[in-house]
Amino acid sequence: MTDREEIFARVDILDEISVYYETKVTPLFEEDYLNEFLDFLRIRKNRNVELIDSPEGGFRETLREVSGYDRYEPIADKAEELFGLPRRVRVFRDDSALIDEMEGPRGWAYFFFVFGMMFCEYDGFTLCFMSGTNN
């Protein structure tokens, strides 16, 4: 699957479920998707973040850490149905300064409070899962 329109359409379907559980999914298409992500969110100060392979291992285990133990299963089920399993799952080595820049009234993230993020690499695109709340 490489057609961007189809990917966006599938992400919209996934978002119907994931946003209910306070997790936003965004597709990224550049080979250097980390910079695409930082540019999209207008991150200026904390651009020296590093991605590592998820210490939790697989997709579901990492999503459980990012979205929460009581909220990840419906998101994981729909993501697997629409996209299959990713070939690699990555997280930030340390996202504390980045999250601080993303949050609050001057932040650019989807949520006022950001809990965690993960990147799932597929052939030709990456899905970013971001969890947080506006409460």
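When the ring-ring contact (aromatic ring centres under 6.0 Å, His included) test is applied to Tyr21, no partner is found at least two apart in sequence or on another chain. When the side chain to side chain donor-acceptor pair (under 3.5 Å) test is applied to Glu80, the partners found at least two apart in sequence or on another chain are Arg60. Glu65 is linked by a side chain to side chain contact (heavy atoms under 4.5 Å, CB included) to Glu56, Tyr69, counting only residues two or more places apart in sequence or in another chain. Listed by chain and residue number, Met102, Val114, Met130 satisfy the side chain to side chain contact (heavy atoms under 4.5 Å, CB included) test with Ala109 (two or more places apart in sequence, or in another chain). Scanning for salt bridge (Lys or Arg N to Asp or Glu O under 4.0 Å) contacts around Asp39 gives Arg47, with sequence neighbours left out. Residues satisfying the ring-ring contact (aromatic ring centres under 6.0 Å, His included) test with Phe37, not counting sequence neighbours, are Phe119. Under the side chain to side chain contact (heavy atoms under 4.5 Å, CB included) criterion, Arg88 pairs with Asp53, Arg90, Glu121, sequence neighbours left out. Legend: residues meeting side chain to side chain donor-acceptor pair (under 3.5 Å) with Asp32, ordered by chain and number and at least two apart, are Asn35. Residues passing the side chain to side chain donor-acceptor pair (under 3.5 Å) test with Thr133 are Glu22, Asn135, sequence neighbours excluded. Remark: Phe40 engages Tyr110 in a side chain to side chain contact (heavy atoms under 4.5 Å, CB included) (not counting sequence neighbours).
Looking at Lys78 and Glu81, a side-chain N of the basic residue comes within less than 4.0 Å of a carboxylate O on the acidic one, giving a salt bridge.
The two atoms that bring Gly57 and Val89 nearest to each other are O-CB, 4.3 Å, heavy atoms only. When all heavy atoms of Val25 and Asp15 are compared, the closest pair comes out as N-OD1, 3.2 Å. The nearest pair of heavy atoms linking Ala79 to Phe59 is CB-CZ, 3.7 Å. Taking every heavy atom of both residues into account, Ser67 and Thr23 meet most closely at OG-OG1, 2.8 Å.
Under the 6.0 Å cut-off for aromatic ring centres, Phe125 and Phe8 do not qualify, their centroids lying 6.0 Å or more apart.
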Check against side-chain contact (heavy atoms from CB on, under 4.5 Å), Thr126 and Leu34
CA-CA 10 Å; Thr126 298; Leu34 177 56; over 6 Å; no
Give the intermediate values and the outcome of side-chain contact (heavy atoms from CB on, under 4.5 Å) for residues Val11 and Phe83.
CA-CA 9 Å; Val11 167; Phe83 297 101; 3.8 Å; yes
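Legend: salt bridge (charged side-chain N to carboxylate O under 4.0 Å, His left out) pairs involving residues 92-104, not counting sequence neighbours, sorted by first then second residue: Glu50-Arg93.
Under the 4.5 Å side-chain contact rule for hydrophobic residues, Leu38 and Tyr33 share a cluster. Residues Leu41 and Phe29 do not share a hydrophobic cluster, clusters being chains of Ile/Leu/Val/Met/Phe/Trp/Tyr side chains in contact below 4.5 Å. Residues Leu63 and Met117 do not share a hydrophobic cluster, defined by chaining ILVMFWY side chains whose heavy atoms lie under 4.5 Å apart. Grouping the Ile, Leu, Val, Met, Phe, Trp and Tyr side chains by contacts below 4.5 angstrom, directly or via other members, places Ile17 with Ile7. Linking ILVMFWY residues whenever their side-chain heavy atoms come closer than 4.5 Å, directly or via other members, leaves Val91 and Phe111 in distinct clusters.
A 4.5 Å side-chain heavy-atom check between Phe129 and Leu14 finds at least one atom pair inside the cut-off.
Checked by atom type and distance alone, the side chain of Glu36 never pairs as donor or acceptor with a backbone atom of Leu28 at under 3.5 Å. With hydrogens and angles disregarded, a donor-acceptor distance shorter than 3.5 Å links the side chain of Ser131 to the backbone of Val66. At least one donor-acceptor pair closer than 3.5 Å links the side chain of Thr62 to the backbone N or O of Gly58.
Taking Ile, Leu, Val, Met, Phe, Trp and Tyr as members and joining any whose side-chain heavy atoms lie under 4.5 Å apart, directly or through other members, the hydrophobic cluster of Phe115 also contains Phe112, Phe113.
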